[in-house]
Amino acid sequence: MKINDTFHVSYCTNIHPGTDWETTFNSLKEFAPKIKEQVSPDHPFGLGLRLSNKASEELTETRMAQFKKWLDANGLYVFTMNGFPYGNFHGERVKDTVHAPDWTTPERLVYTKRLFEQLSVLLPSGMSGGISTSPISYKHWFSTTEATERAFESGAGHLAQIVLQLLDIETQKQQYLHLDIEPEPDGLLENSGEVVHFYNTYLLPIAAEVLKTERGIPEDAAHKLIKRYITLCYDICHFSLAFEEPEYTFQKMKDQGIAIGKIQVSAALKILHDTQNEDAIWEELARFDEPTYLHQVTEKVGDTVTTYNDLPMVLQEKKAFTELRAHFHVPIFLERFDALHSTQDHILKVLAYVREHPVSEHLEVETYTWEVLPKALKRELSASIVREIDWLKERL
């Protein structure tokens with residue numbers, strides 16, 4: 001669905017079960033047409049497709065032809081994909097394994113290259129396409145500076161192979177595809193400063209050497225290609241957790257020549273100190289403590305942002321605070337619920353900015369936590385998705 005002739009707007013289908021291709025396709029058939037009918041009845045509606053590694057492996061040429069035929073028959077198209085979670089994303093403990101296998105491994109490279117091959121087939125003519133991915137790895141898996149450096153070096157080497165793949169696709173098919181790195185709390189990349197450091201210290205020099213060795217591409221041209229194909233996925237929830245204002249992040253990326261491949265429209269929990277409601281705040285926050293996903297909590301004191309690696313750490317300590325933010329993707333149309341708030345204000349700032357400066361044409365709602373939300377926030381799934389998309393459309 002295109003808004004203002006600029007933005008392709010959709011939702012990420014990681015909200016649906018997708019262990020294998022059959023489960024994925026059945027979920028899409030159940031939900032996507034009726035959502036499209038309500039939010040974009042007269043125009044094609046794009047999907048933010050999520051394929052697990054297994055589903056991707058099972059999407060054979062025959063099944064791909066059937067899928068494309070189904071998309072066309074239902075007025076649907078795919079313009080972006082979520083390549084962050086490799087395995088199952090529902091119904092079992094995910095936590096830090098969402099990063100596994102990470103960008104230090106050949107498995108992550110093979111999976112991502114396959115996704116790009118599939119996106120290239122699915123993408124309508126004349127559109128650009130992107131795939132969001134892990135921020136290299138998970139910080140707590142590396143106990144020394146040397147181990148972290150090796151992870152960055154290995155990740156940069158694998159990303160260089162993606163640059164070569166996307167260069168070949170654009171040369172041969174005139175399709176522009178990009179890989180969108182998605183910083184998040186406790187990822188090896190979790191804020192704009194760490195993104196810039198990774199590009200300048202690891203990605204640009206290492207990938208440029210690969211492009212020179214394998215294709216004879218000089219350094220300056222290589223740097224432009226790397227920044228063309230390796231872009232940033234700006235997840236609004238995640239950057240609000242980093243306590244970064246949108247204008248600051250977007251300007252910093254612009255100054256470095258790093259493009260915004262995709263904006264994921266999402267909201268975090270915001271917990272504001274209130275002496276009169278302290279017990280209610282802790283009681284309501286405890287309802288968000290569930291065992292499936294990581295819910296890192298961040299706090300800014302002065303210029304320092306501290307990250308607690310999961311919600312139970314904060315609930316056990318119940319430390320004094322002014323403001324906490326928790327990595328729990330809550331419905332974007334809610335500004336507050338009972339004694340808790342959301343970072344919806346961060347979304348509104350981003351939307352105000354992109355209306356004036358359309359830094360990305362891909363906007364994807366990513367509230368994937370409906371099945372683990374507290375009961376009071378749950379609604380029928382398709383109705384919840386429609387409500388989020390309508391809220392976003394109205395503000396664009």
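- Taking the six-membered ring where the residue is Trp, the centroids of H99 and Y86 are separated by 6.0 Å or more.
- Taking the six-membered ring for Trp and thresholds of 30 and 60 degrees, F152 and F198 have ring planes inclined between 30 and 60 degrees apart.
- Remark: the backbone N or O of P101 is paired with a side-chain donor or acceptor of R108 at under 3.5 angstrom.
- The closest donor-acceptor contact from the side chain of S266 to the backbone of C237 lies under 3.5 Å.
- Considering only heavy atoms from C-beta on, T24 comes within 4.5 Å of L51 through its side chain.
- If you take OG on S10 and CE on M1, they are separated by 7.0 Å, rounding to the nearest 0.5 Å.
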Begin from the C-alpha positions of R50 and T13 and carry the test side-chain hydrogen bond (donor to acceptor under 3.5 Å, both in side chains) through to its verdict.
-> CA-CA 6 Å; R50 189 259 160 167; T13 65; over 6 Å; no
Validation: residues 61-71 side-chain donor-acceptor distances under 3.5 Å, sequence neighbours left out:
residue: R63; atom: NH1; partner: E58; partner atom: O; Å: 2.9
residue: K68; atom: NZ; partner: V121; partner atom: O; Å: 3.2

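- Taking the six-membered ring where the residue is Trp, W141 and Y138 present perpendicular rings, their angle passing 60° and hence far from 30°.
- The ring of H8 has its center closer than 6.0 angstrom to the ring center of Y77.
- Applying the side chain to side chain donor-acceptor pair (under 3.5 Å) definition to pairs two or more places apart or across chains, those involving residues 120-133 are W103-T133, S120-K173, S120-Q175, S128-E361, S132-K262.
- Side-chain rings of H295 and H329 stay apart, their centers remaining 6.0 Å or farther from each other.
- Taken to the nearest 0.5 Å, the OG1 atom of T80 stands 12.0 Å off from the CG atom of L122.
- The line from OG1 of T307 to NE2 of H327 is 11.0 Å long, rounded to the nearest 0.5 Å.
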Show your working on side-chain hydrogen bond (donor to acceptor under 3.5 Å, both in side chains) between Q251 and D255 and close with a plain yes or no.
-> CA-CA 6 Å; Q251 186 62 50; D255 292 344; 2.8 Å; yes
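- The side-chain heavy atoms of K95 and D310, taken from C-beta on, include a pair separated by under 4.5 Å.
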Y353 vs K349, side-chain hydrogen bond (donor to acceptor under 3.5 Å, both in side chains): CA-CA, chis, key distance, verdict | CA-CA 6 Å; Y353 187 91; K349 291 176 186 177; over 6 Å; no
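- Taking the salt bridge (Lys or Arg N to Asp or Glu O under 4.0 Å) definition, one finds that D168 meets it with R215, sequence neighbours left out.
- Contact check for Q296 versus Y308: no side-chain heavy atoms found under the 4.5 Å cut-off.
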Audit row: H16, F25, ring-ring contact (aromatic ring centres under 6.0 Å, His included) steps and yes/no = CA-CA 10 Å; H16 306 307; F25 196 20; over 10 Å; no
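- Side-chain contact between E182 and Q264: present, with at least one pair of heavy atoms (C-beta onward) separated by less than 4.5 Å.
- Taking all atoms of both residues into account, the shortest heavy-atom contact from S137 to D102 is OG-OD2, 2.5 Å.
- Crowding of K254 atom NZ: a count of heavy atoms from other residues, nucleotides or ligands under 6.0 Å not exceeding 12.
- When only modelled atom types and interatomic distance are considered, E335 and S342 share no side-chain donor-acceptor pair under 3.5 Å.
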Yes or no on side chain to side chain contact (heavy atoms under 4.5 Å, CB included) for T19 and S52, after CA distance, side-chain angles and deciding distance?
-> CA-CA 6 Å; T19 310; S52 69; 5.9 Å; no
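- Summarising the geometry of Y199 relative to P205, their closest heavy-atom pair is O-CD, 3.8 Å, with the distance given to 0.1 Å.
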For a quick test of your reading: what N or O donor-acceptor pairs under 3.5 Å do the side chains of residues 219-232 make, sequence neighbours left out?
residue: K227; atom: NZ; partner: Q256; partner atom: O; Å: 2.5
residue: R228; atom: NE; partner: E170; partner atom: OE1; Å: 3.1
residue: R228; atom: NH2; partner: E170; partner atom: OE2; Å: 2.7
residue: Y229; atom: OH; partner: E170; partner atom: OE1; Å: 2.5
residue: T231; atom: OG1; partner: L179; partner atom: O; Å: 3.3
residue: T231; atom: OG1; partner: D180; partner atom: OD1; Å: 2.5

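- Under the side chain to side chain donor-acceptor pair (under 3.5 Å) criterion, no residue pair touches residues 31-46, with sequence neighbours excluded.
- Atoms CE and CG, on M81 and N14 in that order, are 12.0 Å from each other to the nearest 0.5 Å.
- Side-chain atoms of R336 come within 3.5 Å of backbone N or O of D338 as a donor-acceptor pair.
- Looking only at distances, no side-chain donor or acceptor of N82 sits under 3.5 Å from a matching main-chain atom of L49.
- What you find for F239 and P183 is that their closest heavy atoms are CZ-CG, 3.9 Å.
- Counting heavy atoms from C-beta on, the side chains of N309 and H140 come closer than 4.5 Å.
- Minimum heavy-atom separation, I271 to I281: CG2-CG2, 3.5 Å.
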Full working for salt bridge (charged side-chain N to carboxylate O under 4.0 Å, His left out) between K139 and E184 | CA-CA 10 Å; K139 267 182 181 166; E184 75 163 33; over 6 Å; no
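- Considering every non-hydrogen atom in both T249 and S192, the closest pair reads CG2-CB, 4.1 Å.
- Counting heavy-atom neighbours within 6.0 Å of E22 CD, excluding the residue itself, gives a total of 12 or less.
- Other residues, nucleotides and ligands contribute at most 12 non-hydrogen atoms within 6.0 Å of the CD atom of Q276.
- In this structure, I181 and L159 have side chains that are in contact, with non-hydrogen atoms separated by less than 4.5 Å.
- Side-chain contact, T275 with H273: a donor N or O sits under 3.5 Å from an acceptor N or O.
- Within the 3.5 Å criterion, the main-chain N or O of D186 finds a donor-acceptor partner in the side chain of E190.
- Distance check, rounded to the nearest 0.5 Å: CG of D20 to OG1 of T23 gives 3.5 Å.
- Neither side chain, N4 nor R355, offers a donor N or O lying under 3.5 Å from an acceptor on the other.
- Among pairs with a residue in residues 316-326, those fulfilling side chain to side chain donor-acceptor pair (under 3.5 Å) read E299-K319, E323-R325, at least two apart in sequence or across chains.
- Although no hydrogens or angles enter the test, the distance criterion places a donor-acceptor pair under 3.5 Å between the side chain of E388 and the main chain of I332.
- Taking the six-membered ring for Trp and the full ring otherwise, H362 and H178 have centroids separated by under 6.0 Å.
- For the pair L348 and R395, the minimum side-chain heavy-atom distance is below 4.5 Å.
- Looking only at side-chain heavy atoms (C-beta outward), T298 and T306 stay at 4.5 Å or farther from each other.
- Within a 6.0 Å sphere centred on CD of E247, heavy atoms belonging to other residues, nucleotides or ligands number 12 at most.
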Decide yes or no on side-chain hydrogen bond (donor to acceptor under 3.5 Å, both in side chains) for N53 and S56, but give the supporting numbers first.
-> CA-CA 5 Å; N53 181 64; S56 174; 5.6 Å; no
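- The ring of H357 has its center no closer than 6.0 angstrom to the ring center of F250.
- Closest approach of N277 to D274, counting heavy atoms only: ND2-OD2, 2.7 Å.
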